[in-house]
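Some notes on the structure that comes next.
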Amino acid sequence: MAVVNIDKLSKSVVKGPSLMTGSNPRKPWMEVPAVFKPGNFAYPAKVDIVKYLDSQSGLSFPNAREWSPLDEDWKLPENWKEIILNGLKERLEKFRSLKIFMDCCVRCGACADKCHFFLGTGDPKNMPVLRAELLRSIYRNDFTLAGKLFGKMAGGRELTIDVIKEWFMYAYQCTECRRCSVFCPYGIDTAEVTIILRELLHLVGIGINWILEPVSNSNRTGNHMGLQPHTYKDNTEFLVDDIESLTGVKVNPTFNRKGAEILFITPSADVFAEPGLYTAMGYLILFDAIGLDYTWSTYASEGGNFGLFTSNEAMKKLNAKMYAEAKRLGVKYILGGECGHMWRVLHQYMNTMNGPADFLEVPKSPITGTVFDNAASTRMIHITEFTADLIKNNKLNIDKSRNDYVRATWHDSCNPARAMGLLEEPRYVLDHVVNNWVEMPENCIREKTYCCGSGTGLNTDEIMELRMRAGLPRANSVKYVHDRHDVNHLACVCAIDRATLTSLMDYWVPEVKVCGLSELVANSLVLEGENRQDLSEEGLRTMV
Ligand code: SF4
Ligand code: SF4
């Protein structure tokens with residue numbers, strides 16, 4: 001991708017108030033309408049996709065139609081207002097967290113400058129406090145006594161079509177990363193407000209294709225791309241051939257094998273797209289090196305769960321598929337690959353929605369004997385904690401110098417870091433497989449990590465400029481360590497990050513490549529019977 005002129009980028013997406021362009025708000029925020037133009041919205045979902053989803057059990061996606069954000073008339077159903085207010089009422093009764101988030105914000109502003117979308121666009125409505133206020137103002141108006149009596153004076157406003165348009169704009173300029181919640185003294189989770197905004201919009205047929213098509217594919221075939229079982233298997237076997245060419249070792253994965261000890265589930269992007277392919281090669285090499293009794297599934301062929309970006313119902317359904325497959329195959333537990341939101345769904349929602357998974361066993365490493373009590377109810381462990389345990393127990397033959405072409409920094413992917421606390425394990429693994437790695441500045445790592453800027457299904461090309469802006473804080477911190485320490489690799493444990501950070505680095509810091517942690521682990525392994533090519537320049541990415 002060409003490096004676009006930064007001046008052009010800084011003027012092209014934001015229309016209306018933006019602190020970035022010096023166009024400061026002249027009116028109260030309620031009077032500033034959302035203005036749509038190509039590049040600042042993702043394309044609406046296709047009608048047949050919405051109809052398909054609406055026809056599926058456990059899902060509801062009514063009011064499918066052709067519509068465009070650029071049109072004045074969004075063709076909302078006649079009773080749209082009633083649908084939205086009833087939908088909000090239902091959710092306020094169902095989700096206690098929503099009611100609390102609507103009531104307890106004191107407008108202290110601690111979250112205001114913590115959002116990468118605000119930092120990248122300068123648009124005041126991208127401050128988390130104001131993003132939530134887009135919904136809170138309707139809540140106040142229609143669901144509180146003060147709002148009913150005093151309206152605007154009590155922070156309320158009437159629900160209009162312009163409000164719906166504004167919701168669509170800003171619910172899809174939030175990656176649900178939860179960075180803002182780290183800084184909120186009340187723990188208000190604006191990501192959950194965004195989830196509800198998106199749910200309400202779906203009630204009146206408003207959603208984006210980049211999210212709903214993967215949801216539809218996952219529901220139908222088990223993975224985002226709609227790949228059939230034989231294609232999934234073939235692609236994995238191409239990787240087996242590549243591994244043999246590079247290392248001289250033939251690994252032997254199995255698929256849909258009943259009675260295997262462990263079911264391994266990872267994002268389908270690992271098996272189908274660069275740079276995830278090298279991460280998948282990493283899993284294959286590692287599992288073969290330790291003689292793991294495991295199987296892949298061509299049905300639960302997706303760790304990612306775009307339901308999280310859609311609705312609680314869709315999230316629940318897609319998560320349940322992994323456990324249904326574990327039951328069908330009769331495995332003891334599930335081992336999960338490098339994914340972001342799969343782990344957030346697992347740690348924050350799975351137990352309430354589908355758990356506890358007590359038909360499975362508490363995960364116990366067959367190699368070290370370690371029992372992972374932290375997964376006592378989900379019965380699913382992360383590849384990084386599994387690998388860290390192998391290293392700690394001296395079960396891997398590692399030659400760190402094999403990664404000497406790498407000068408790495410570590411990107412804490414939002415969901416593994418903030419939603420599951422996976423902070424020490426990847427650093428421990430990096431310490432043992434790479435000689436050269438440095439941290440980015442402390443206010444943008446660990447719980448305070450910056451988002452890639454394109455998560456929650458926003459990694460679609462029609463909003464590329466918006467993505468590059470939203471990713472600027474992350475790119476800036478990578479540039480910092482690149483300039484000072486000559487960092488050339490950005491390592492992470494998330495498939496979306498591997499895709500989105502690659503575009504982000506190409507744009508802002510093109511000298512830096514993006515890689516998965518398991519890629520680095522596998523490249524450092526000394527394998528039994530190996531006949532390794534010269535991989536000293538690019539590791540598993542070497543063309544032979
Ligand atoms: S969840 Fe992330 S993207 Fe959304 S408002 Fe908070 S910081 Fe911004
Ligand atoms: S930090 Fe929390 S309480 Fe303060 S303005 Fe933001 S959401 Fe409201």
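For ligands, and for the atoms within them, numbers begin at 1 and follow the listed sequence.
- Heavy-atom contacts of T175 reach the following atoms of ligand 1: 3 (S) (cutoff under 4.0 Å).
- Using a cut-off of 4.0 Å between Lys/Arg side-chain N and Asp/Glu carboxylate O, E439 and R427 are scored as salt-bridged.
- Considering only heavy atoms from C-beta on, Y172 stays 4.5 Å or farther from I463 through its side chain.
- Salt bridge status for R498 with D270: present, with a side-chain N to carboxylate O gap under 4.0 Å.
- For C184, every N, O or S atom stays at 2.8 Å or more from atom 6 (Fe) of ligand 2.
- Using bins of under 30°, 30° to 60° and over 60° for the plane-to-plane angle, the ring pair H202/F61 lands in the perpendicular bin.
- K89 and D142 are not joined by a salt bridge, as no carboxylate oxygen comes within less than 4.0 angstrom of a charged side-chain nitrogen.
- The environment of K81 atom NZ is dense: over 12 non-hydrogen atoms of other residues, nucleotides or ligands sit within 6.0 angstrom.
- For atom 5 (S) of ligand 1, the nearest non-hydrogen atom of the protein is R131 NE, 3.2 Å.
- Using cut-offs of 30° and 60° for the angle between ring planes, the F143 and Y139 rings count as parallel.
- Between E192 and R178 there is no salt bridge, since no side-chain N of the basic residue sits under 4.0 Å from a carboxylate O of the acidic one.
- For atom 4 (Fe) of ligand 2, the closest non-hydrogen atom of the protein is C108 SG, 2.3 Å.
- Using a 4.0 Å cut-off to heavy atoms of R107, the atoms of ligand 2 that qualify are 5 (S), 8 (Fe).
- Atom 2 (Fe) of ligand 1 has an N, O or S atom of C177 under 2.8 Å away, backbone or side chain.
- At the shortest separation from atom 3 (S) of ligand 2 among protein heavy atoms lies V106 N, 3.5 Å.
- Of all the atoms in ligand 2, the ones that sit under 4.0 Å from a non-hydrogen atom of A110 are 1 (S).
- At least one heavy atom of P185 sits less than 4.0 Å from an atom of ligand 2.
- Interface atoms of ligand 2 facing V129, defined by a heavy-atom separation under 4.0 Å, are 5 (S).
- In summary, the atoms of ligand 1 found under 4.0 Å from a heavy atom of H116, numbered by their order in the structure, are 2 (Fe), 3 (S).
- Residue contact check: Y186 has heavy atoms under 4.0 Å from atoms 3 (S) of ligand 2.
- Here C115 fails the criterion, with no N, O or S atom under 2.8 Å of atom 4 (Fe) of ligand 1.
- Because its NZ or CZ atom is not both nearer than 6.0 Å to the ring centre of F183 and within 45° of the ring axis, R179 does not count as a cation-pi partner of that residue.
- In this structure, the protein non-hydrogen atom closest to atom 8 (Fe) of ligand 2 is C105 SG, 2.3 Å.
- Without hydrogens or angle criteria, T460 side chain to W210 main chain gives no donor-acceptor distance under 3.5 Å.
- Close approach of ligand 1 to R178 is summarised as follows: ligand atoms under 4.0 Å from at least one heavy atom of the residue are 1 (S), 2 (Fe).
- Ring planes of H382 and W343: tilted class, angle from 30 to 60°.
- Of all protein heavy atoms, the one lying nearest to atom 6 (Fe) of ligand 2 is C111 SG, 2.4 Å.
- Each of the atoms 5 (S) of ligand 1 lies under 4.0 Å from some heavy atom of P128.
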